[in-house]
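Below, chains carry the letters A, B, ... as their sequence lines are ordered, and counting in each starts from 1.
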Protein chains: 4
Amino acid sequence: MKAVRLHTYREPPAVEEVAEPEISRPFDVVVRVGGAGLCRTDLHVRDGWFAEVVPVDLPLTLGHETAGWVHAVGSAVEHVAVGDAVICHPNISCGACTACRAGQDMRCVQGLNFPGVTRDGGFAELVKTSSRAVLALDPRVEPADVAALADAGVSAYHAVRKAVPALEPGSRVVVIGAGGLGHIGIQCLSAMTPAEVIAVDTNPEALKLAEQCGAHHTAEADGRQVERVRELTGGAGAEVVLDFVGEDDTVRDAFGMLVPGGRYLVVGYGGTLTVPTLQLVLGELEIVGNAVGTADDLAALLRLAGAGQVTVRTALYPLEAFGDAISDLEQGRVRGRAVLAPTTGSGS
Amino acid sequence: MKAVRLHTYREPPAVEEVAEPEISRPFDVVVRVGGAGLCRTDLHVRDGWFAEVVPVDLPLTLGHETAGWVHAVGSAVEHVAVGDAVICHPNISCGACTACRAGQDMRCVQGLNFPGVTRDGGFAELVKTSSRAVLALDPRVEPADVAALADAGVSAYHAVRKAVPALEPGSRVVVIGAGGLGHIGIQCLSAMTPAEVIAVDTNPEALKLAEQCGAHHTAEADGRQVERVRELTGGAGAEVVLDFVGEDDTVRDAFGMLVPGGRYLVVGYGGTLTVPTLQLVLGELEIVGNAVGTADDLAALLRLAGAGQVTVRTALYPLEAFGDAISDLEQGRVRGRAVLAPTTGSGS
Amino acid sequence: MKAVRLHTYREPPAVEEVAEPEISRPFDVVVRVGGAGLCRTDLHVRDGWFAEVVPVDLPLTLGHETAGWVHAVGSAVEHVAVGDAVICHPNISCGACTACRAGQDMRCVQGLNFPGVTRDGGFAELVKTSSRAVLALDPRVEPADVAALADAGVSAYHAVRKAVPALEPGSRVVVIGAGGLGHIGIQCLSAMTPAEVIAVDTNPEALKLAEQCGAHHTAEADGRQVERVRELTGGAGAEVVLDFVGEDDTVRDAFGMLVPGGRYLVVGYGGTLTVPTLQLVLGELEIVGNAVGTADDLAALLRLAGAGQVTVRTALYPLEAFGDAISDLEQGRVRGRAVLAPTTGSGS
Amino acid sequence: MKAVRLHTYREPPAVEEVAEPEISRPFDVVVRVGGAGLCRTDLHVRDGWFAEVVPVDLPLTLGHETAGWVHAVGSAVEHVAVGDAVICHPNISCGACTACRAGQDMRCVQGLNFPGVTRDGGFAELVKTSSRAVLALDPRVEPADVAALADAGVSAYHAVRKAVPALEPGSRVVVIGAGGLGHIGIQCLSAMTPAEVIAVDTNPEALKLAEQCGAHHTAEADGRQVERVRELTGGAGAEVVLDFVGEDDTVRDAFGMLVPGGRYLVVGYGGTLTVPTLQLVLGELEIVGNAVGTADDLAALLRLAGAGQVTVRTALYPLEAFGDAISDLEQGRVRGRAVLAPTTGSGS
C-alpha cells in the first residue's frame, strides 16, 4: 500500500509502497483510512522534536489524526466490526491502569503510543491501532469530514472543557490562533458557554473564519493585540485565554490579556513561558497545559458535530500531494485543517 | 502611641511615637493590637518591592498580620463590639462589588488596601481597619497566639484548599519551605487530606518542625532534593507541589517533582517561573498563583485551630525589639512565625 | 402612598393608602418601585403557607420581586445613590456571617428577611430594603422590564447554574413548567449549555413561548408526557430535570424521565416527593432543592439580559388592577410574568 | 467444587457440589476465592428483591464481594496472571461504552452484571468474572482480609468521596449505621476530611466499633437520636448525613439532622423517602443516591488500606458455616463484616 514515510529527520518525507499492517494481537484493529489530518505536529515530528521525548526508529509513516472504516480486528475486539465507520483517538492506551480506569487515556501508564509519532500512522491506505483507540461513527458520516476531530478537535474541546467553569455570563475568552484547532475551539465555546469570544490571529483570513465560527470580536496580531483586547474588555482583560499557538510571543501576550484570577490554557507549544512569581501570585493566575484529550472528550465532540454545533473546515489533498499540503501549511495558506485522503476511497 | 515606621526604602524602620488612629467613617474599626506577625513581605515592603505595584507615601507603619481587641467602631459596624477579641483579614474590601459578593475578598474592585503595605499597619499599639476585615475570635483565645493565622495561616490554608481536590488516597504532596506558612500548611494537609506529605527546606531545624506538624518525609534542600522526592515517590513524582518560597531554585525543583497532570501551587514570590510550553503541554501541568485568602478561608482556619487541628509555632518579641526580630528573620533563626506584641498587653 | 395589603389569610388583599417608609438605620434603602412581579408565592403568602415557617404580623404589603430607583439611603450606603436604577435581591442579608461572606446570601444566619413575605414589600409606590439587597442597573434599563429577574429570574438562573456541570454535549434537559421561571430558565440553558431542551407544560400557549425561548422540543402534559420524553431521548431519559412546578404529579413524572445518574432540580413547591430508596440508590439519582439565588447569580443574570441572551416576557398591570392580575394568574392566563407597576411612573 | 446455592426465593440456600467454572471468552477470569463477604444484599437476593429489576434463572451461587487469586485467564487478559492476588469489583462492565470510558463502571450500558446477583458468585471455591472486574492486590495482602472492600468498602468510599467537597473545617457528618459499610466509611472520613463524625446506630456494640474507627461522638438510635445530633451540633445540624441503612426511620431522621444546604447521601435501601417539596426547596437540600462505586474508587480505597488508614473488621466463617453466618447477620451479632472463606485455602 502507499504511505508517507519519514526516513531522515529534517528532510522531506516520501510517498512510497510499504507492506500492509496485519492483526497480530487480540486488541489490534486495522483501519482503512478515509482521511488523516496534517498539522504543525507533523512538522515537529519531521524535524525530530519528539525524538528525545519518545525515541523511535526511522523510517516512520506519519499521520496521527485519522478516521476511516474498520478493515480487520483482533479476537478481543467486540465494540466495532469490519466495515464500521470509525474515528481514531490518537493515543493507544492499556485500559487497565489507574489513569485509564479513571478515563484519563492520555496518562496511560504505558506512555505515549501514537501512530504517526511513535509508530506507523495514518498517512497511508491502512493504519494499525488498538481497540480502545477506535470509536464508532454514525454510519452516515464521511470519515474524511471528521478526521480533524481526532486530534485538532479533541485538543480544542479538551481545553474548552477546562474553560467552561471559568466562563460565566459576561465573561470574555480570548482564542489565540484561529486555525485547525482554533476554529473548532471557537465553535465549542459558542455552544457550551455564554462567554464573549475574541479571536486573535496574524492572518486576516483566519479571523474571517473565526467570525464565521462565532467569534464576537477579532484582533489582528499586529503588535497592538494586547491593547485591543484591553479595549474590547473595558480595560479589564479576559477571564480565559486559550492559546493554540504557544510561542514566546503568544505567551507574553496572554499574561497581558488576563484578569486577576484568570486562566491561561496552553495547547500549542514551541516557545518558553516566562513569568515572575510575584505577578503569578498577585494576579492569582492559573496556567494549565493541555495534551490532546480523552476518548470521553472525543465522544462528546462527535455529539456536538452530530448536532451541527461544530463543523470542521477542511482542505482535502490526495495522499500523493503530501508535499503540496505541507508547503501550504508552512506558508499559512490552509484555512481550517488540511486532510490527506487516499484515493482508493470508500471503505469497502 | 508606639509604632514601627518606615521612612525610607531599603533603610531600617524605627520605633517611634505617633498619633492614635481615630474613627472617621461608618465602617471604620480601630483594633488594640495583641500581636502582629512579621514575615518576608515586611522585608519586601521595606525594600520598596510594592512601591510600583501600589504607590504609597512614606512614612508607613508596617505590620499586615494582626489580632487584638476592638477599641472603637464606626456607626455601621454591627457584628463586633468594643472589647471583642478579633483577628484582622489583611485586605480591606468594599463588600459591594461582584468579587466581594462572591466571597472573593482579595479581588475587590478597589484593589489592594492592606494595612502595613498600602496604609498604616499593625506594628503599633492601635491599628485602623474596616468592618469586613474584622472577624470575631473565641473570647478564650489569646490574640497573639493566632495573629500568624491572619496572613501566613490564611495564605497556607487558601493554597491547601486548592490542593484538596487533587489529593486522593495515595497521593503525594511536596511542601517547599517549612517556615511560617509551611508549618501551618502541613497541619492543614494532615487534617484535610489523606495525602503523604514530603517537606523540603534548606534548614534541618525547619524540617524537624515539619515532622512535628505531620510531614511523613523530609528532604533537605542540599541539591539532591529533586532526586530525593523521586525516590520517596517510587520515581513517579508528587501530585501537588506547594511552594511557599517561589524563588528561581524552587520553581525549577517543582517542575522536576511533579507527576503528569500535577498541580504546582505558588505562594511565595521573588523568582521567575520559566518552563518550555512543550513540557507544560506534554505533562498537562497546572500552575496556580495564590494571593492570601478569603475571609471564608480565615474563618475555616480558625475552626481548624479551635479544634486543635492547627497550632501556630510563634516566637514573641516586644514591639521595641523589632530590630532583633527582623535580624532573626533575615538570618533564618525563626522557627514558625515571629510575632511582635506591644507591651501594654491585654485589651481592656 | 398606595400599597396592596393583606389583612387576613385566605382573603383578597386590598389596595389602600399607607404611610411612606423612612430611613431609620445606616443600611436602609428606600426604593421607588418601577415594577414588582407577581407569582404563585404571592398566592401562598395570601393563603398563609409561610405563617408557620416565618411568623409575621398582618397587615402586610405583598410583593417580593422589585425593581425601581433609589429614593433614600442610610448613612452607610455607598454603592448606590438617590436616583440610581436598581433591582432588589429578595432577601435582606447581614453581610457578616459565614454564609454571607461565602456569597450564600440565602443562608444568612439571620434567616429569611423578605419584603413581601416577612415584612412590607414591593406592591406599593415605595419599598424599604437594605444595602446588600440593592444592585445597580444599567441606567438605560427600564426597571419594570427586568423586575421579574429579581425572583423568578434569579431562581431559574440559580437552578440552571447547578445544571451546567451535568449538561455536556448531547445531554438532554427537561424543563417542567414554561411560565414565569421556566421561560427564563430555557433561555439561560440555551445560552449556557450545549444541551437539548425539552419543555413540558399543561398549556399549549406556554409551550409556544418555550419554543420562542429556545426549547428544541415540547411535550404537553396530557398524561403521556413521560412517554414522550422517553421517545425524544431515544428511550434513555434526560440527564437533568428542572421542575419549576414541584407538585405531586411533576415529582412523579421527573423520576420517570431521568437517566441513571440523573439530576432532579426542584424549584417549585407544593407537593410531596416520594421515592423508594432502592430506586434512588440503583439509579444513583441526585435531588437538589433550590431557594431563590445569590446576589452573584442575580448579577450574572443581569449580564445575560444586558447581552440580549435573556429577555423577560411580562404582562404589565397598574397597581390598582392587582385583583385582575391575581385572577389572570390563577386562571393560567399569564404568559411569562405578571408585573405590577405603580402609575406614578418614572423615578424622579 | 463447593458452592452456596439459592434454589427458591425466600428459602435458605444450600452448600452443595457444582461444576467448576471455565474460561470460554477472551476476557474471562476465574478466581480462586480467598474470602467473600456477606451482607444484607444477600438476604435481599435470597428474598427475591432483585428478581424484578434484573431477572435471573435459579439456582444461583450467591456472593458478590470477593477476593482471591487468579486461577485462569482468557486470551485477552494482560494485566493479571495466574497466581496473582486480586480483588473483584462487583460489576462486570464492557469497557467500551461512554460510561465505562469516563470511569463510570456502574453505569455500563450493559446494565448490572453482578456475580452473586445476576450470575454465579463468590460463595464458592472458584468464581468466574471478567478482565475489568479484577484488580491486582499487593502480594503481601491476604485476600480474605480485604474481601469486604470489594463491595461494602467501595460503596462506603464512593459515598464519602461525594461528601468530601461539603466537609470543610468545622463541618459535621452523621453516619447512620456503623456496621459493615459504616465502620469503613468512618475511617475514610477521618482520613480524608477535617469533619467531626457523629455515628448513629441502634446497637451499642456497633457504636463502640465506630469510636475505635474514629467517630468523635456517638448517638444510640433510641428515639432521641435526632435531638442528640442537634445538641452535638449546637442546634445547627450536620452538613452531611451518610445513611448506610436507608429505611423509613433513618430517612425521616436524616431530614431532621441536616443544616440548610445539607447533603443527604443514601447508600442503604429498603424504605421510602418522603419529603415535602417546600422543605426541600426552603432548605436547599441535596439528596444523592449511591450505587457501589467505580474501579477507581476501589483502587483508591486499597491505597488507603495499604497505608493503614483503613482496616476492615471481619468475622471469618468457613463456607460450610454459611447458615451460621446468615443467622448471625440477621440477629445483629456481626461486628464489621462477615466473610466466608473456602477451607481449601491459599491460592496455589
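Residue pairs that meet the salt bridge (charged side-chain N to carboxylate O under 4.0 Å, His left out) test with at least one member in residues 283-295 of chain A, sequence neighbours left out, are Arg263(A)-Glu286(A), Glu284(A)-Arg107(B), Glu284(A)-Lys162(B).
Using a 4.5 Å heavy-atom threshold, the side chains of His89(D) and Arg101(A) count as separate.
Of residues 287-303 of chain A, those residues lying under 4.5 Å from chain D by any heavy-atom pair are Ala295(A), Asp296(A), Arg303(A). Residues of residues 109-117 of chain D placed with any heavy atom under 4.5 Å of a heavy atom in chain A are absent; none qualify.
With a 4.5 Å cut-off on non-hydrogen atoms, Gln104(A) does not touch chain D at all.
A pairwise comparison of heavy atoms in Arg132(A) and Gly95(D) identifies NH1-O, 4.4 Å as the closest pair. Of all the heavy atoms in Ser75(A) and Pro26(D), the pair that sits closest is O-CG, 3.8 Å.
The choice from Ala76(D), Gly74(D), Ala136(D) that makes the most heavy-atom pairs within less than 4.5 Å of chain A is Ala76(D). Between chain A and the options Ser131(D), Cys94(D), Gly103(D), heavy-atom pairs under 4.5 Å are most frequent for Gly103(D).
Val56(A) pairs by the side-chain contact (heavy atoms from CB on, under 4.5 Å) definition with Tyr9(A), Leu60(A), not counting sequence neighbours.
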